[in-house]
Participant: 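Pasting a structure here, questions to come.
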Amino acid sequence: MLAAVARVRLTQLLGHVMSSLSAPVARRALSYLPRPFVRVIRGVLDSRRMTAVTTAVVGTLAIALLAGIAFGFARAQIMREEFAKLNVVAAEVLERSERSSAQVRAAIAELQAHDTAPCSPKSVALMAELNLKYGQLQGVGYVANNRLMCSSYGRHGDGVLLPAPTSQHTARGPLQLRKASLSLASSVGPQPVIMVTSAANGYTAIVSPTLAIDVDTKDPDVALGTVLYSSNEVRMSRGKFNPDWRGRLGDGQHAEFVKDDRIVSLWRSPRYDYFAFASIPADAANARIHQAGVLLMSCAACAMVVLLFLTGRSARKALPLSDAIREGLRRREFYLVYQPVVELNTGRWVGAEALLRWRRSTGEHVRPDIFIPVAEDCHLIEEITDQVFELAAADLAGFFEKYPDFHVAINLSASEMQSPDVVPRLKNFIARVTGARARNFAFEATERSLIKPDQARPILAEIRGMGSTVAIDDFGTGYSSLSYLQTLGTDYLKIDKSFVDAIDTASVKNHVVAHIIGLAKDLRLQLIAEGVETAEQARYLSDRGVEYAQGWHFARAMAIDELADSLNRQAA
Ligand code: C2E
Ligand code: CA
Ligand code: CA
């Protein structure tokens, strides 16, 4: 219950906010369009609908914009996470590399500082000691004439022949670099090692080419390694390095970017001439971004559907009744039902009153005493009556050929009774009903339509002249007096239901009924009592000479087919 109330409130609030936002937007949007175009739009859409359409358009755009912004954020967040993962890997590679570079330098420096003859027993012992001290190293040694003469594993006779070095210049003097397979001991197997030799004194550090990059990444697609900054030459790597990447580092310490479908992170060493890189293919991140996009799009689509549903509903609800009537006429939402008029002393059905019904496209039924007054106020009543004529002509085609003495009463409104074209309209209507004659129709006018007797008199006379009859509806509720009605010339008076209701009570109206009946008799007007609901009322009226009656006691209003069926049964 509470939820329903909250939902209604929310819908109203949303409708209110959106319409207060979008009405000016709609006006402004229209001011930019060419005049004839605007006229067409205005013709098709009334102002409420215009607002609803603008609300829907503005709302949809707003949702799309928000979804776009949210997607941007989600994408940035996913990329931030990917970069963060890679930065950790690259930073660890750099840190390990720096640690081993520092140990290489320190070992070479210590060997030089001790000033023992190279490969003397003392020197070899020192090498073994340094090898233990510096855990990142696989060994230390001494190189002369391209041969490893001795190492932390002992003296090597005439020396182990080494491949030619490449040289590298550092702040501490030139270094020679070699990649070699040494097989010196179980810890230095046949797998290649890197030898870093001081060009100045031949002291050498032996390092594993994979130690620094042996970072546990979990992701097998990660490429990582270190690259010489000055020459852009790969020092050690697992997976591919793209030489274009270095350009993104510039003079800086760090760079992260996406290039050629790979996400890349670079960290440059502040102490050594190299930088570390880590990179992964962008597909995984792209897949996550795609997923986020699909999710957001689905949410946005749902929000749009809800918005369109709510604006559509509020537009339909907010539509003023006059607009709704216009639309109802256009969509043919009206239909007629017929309430029998009963001859009281025989119980025969002598006629029926056509009553208009309106079932809206929403399924809601609107009562005529709601929509008829609005239609009268908004000058729509003539269109309503035209539709009544059309419906009646369709319902009653051929009907009177079978029931020539039956009559159907049609309700006319006050303004129509006072308009000069009423008689031609009625004639035109009767002519369109196949097999009908004027005497098959009665026209009901309320007392209110007769306040200008000089205007009404000739019109009533003409209608009666045609052969139709005239009934004064709701008699007793208006301003007219009976004697003045006589001068107008009518056939029937319809006693309003409020008097009939008073029959079995002791109210004043009870006396009035008797009075009306008496006077009508004197004036030789026939009476139809409306809204007869009980047998007592029927007997009372009949006893006092009221000729006809309508009411639920006899029959409710029914569809034309049902009326015809009942008449057939009565005839049988
Ligand atoms: P009305 O012309 O006085 O019509 C009689 C109303 O009383 C009808 O209501 C009818 O259904 C109702 N009625 C009949 N017998 C009983 C009864 O025993 N008990 C009760 N409680 N009600 C009964 P409805 O159809 O709702 O029409 C209301 C009014 O709307 C009509 O009053 C008439 O003024 C107007 N109306 C209906 N159809 C048309 C139409 O086609 N054209 C015009 N201009 N007005 C119409
Ligand atoms: Ca009536
Ligand atoms: Ca009435």
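Counting starts at 1 for both ligands and their atoms, in listed order.
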Participant: If the Ca ion (ligand 2) is the vertex, what is the angle to OE2 of Glu353 and OD1 of Asn411, rounded to 10 degrees?
Facilitator: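 Rounding to the nearest 10 degrees gives 90°.
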
Participant: Hey, which atoms in ligand 1 end up nearer than 4.0 Å to a heavy atom of Gly551?
Facilitator: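 That gives atoms 15 (N), 18 (O) of ligand 1.
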
Participant: Write out the residue and atom name of the closest protein heavy atom to atom 30 (O) of ligand 1, then the distance separating them to 0.1 Å.
Facilitator: Pro368 CB, 3.4 Å

Participant: Write out the residue and atom name of the closest protein heavy atom to atom 5 (C) of ligand 1, then the distance separating them to 0.1 Å.
Facilitator: Glu530 OE2, 4.1 Å

Participant: For ligand 1, indicate whether the residue Ile372 contacts it via side chain, backbone, both or neither (heavy-atom separation under 4.0 Å).
Facilitator: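 Near ligand 1, Ile372 shows its side chain, while the N, CA, C and O stay back.
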
Participant: Taking 4.0 angstrom as the limit, do Asp369 and Arg367 come out as a salt bridge?
Facilitator: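 A salt bridge links Asp369 with Arg367.
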
Participant: Strictly under 3.0 Å, is any N, O or S atom of Asp473 next to the Ca ion (ligand 2)?
Facilitator: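 Short answer: yes, at least one N, O or S atom is under the cut-off.
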
Participant: Nearest protein heavy-atom contact for atom 22 (N) of ligand 1: which residue, which atom, what distance?
Facilitator: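 Going by distance alone, atom 22 (N) of ligand 1 is nearest to Trp552 CZ2, 3.5 Å.
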
Participant: Does Glu444 bring an N, O or S atom to under 3.0 Å of the Ca ion (ligand 3)?
Facilitator: no

Participant: Which option out of Ile370, Asn411, Leu391, Thr385 puts a heavy atom nearest to atom 40 (C) of ligand 1?
Facilitator: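 Result: the heavy atom closest to atom 40 (C) of ligand 1 is in Asn411.
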
Participant: At a threshold of 3.0 Å, where the distance has to be below it, does the Ca ion (ligand 2) have an N, O or S atom of Asp474 nearby?
Facilitator: no

Participant: Phe334 and Phe371: ring pair (Phe, Tyr, Trp, His ring centres under 6.0 Å), yes or no, with the steps?
Facilitator: CA-CA 11 Å; Phe334 294 89; Phe371 70 79; 5.5 Å; yes

Participant: Could you tell me whether Arg556 approaches ligand 1 through its side chain, its backbone, both or neither, with non-hydrogen atoms closer than 4.0 Å?
Facilitator: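 No part of Arg556 comes within reach of ligand 1.
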
Participant: Using every non-hydrogen atom in the two residues, find where Pro340 and Met558 come nearest and quote the distance to one decimal.
Facilitator: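 Where Pro340 meets Met558 most closely, the heavy atoms are CG-CE, 3.8 Å.
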
Participant: Nearest protein heavy atom to atom 34 (O) of ligand 1, by residue and atom, and its distance?
Facilitator: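 Protein heavy atom with the smallest distance to atom 34 (O) of ligand 1: Asp473 OD2, 4.8 Å.
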
Participant: Using a 4.0 Å heavy-atom cut-off, say whether His553 meets ligand 1 through its side chain, its backbone, both or neither.
Facilitator: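 For His553, no heavy atom sits under 4.0 Å from ligand 1.
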
Participant: Between Gln339 and ligand 1, find which residue part has any heavy-atom pair under 4.0 Å and reply side chain, backbone, both or neither.
Facilitator: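 Near ligand 1, Gln339 shows its side chain, while the N, CA, C and O stay back.
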
Participant: Quick one: does ligand 1 sit under 4.0 Å from the side chain of Lys497, the backbone, both or neither, non-hydrogen atoms only?
Facilitator: side chain

Participant: Can you list the atoms of ligand 1 that are under 4.0 Å from a heavy atom of Val388?
Facilitator: 41 (O)

Participant: Distance to 0.1 Å, residue and atom name: give those for the protein heavy atom nearest to atom 31 (C) of ligand 1.
Facilitator: Leu355 CD2, 4.5 Å

Participant: Is there a protein heavy atom at a distance of less than 4.0 Å from atom 12 (C) of ligand 1?
Facilitator: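 Answer no: nothing from the protein, no heavy atom, is under 4.0 Å.
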
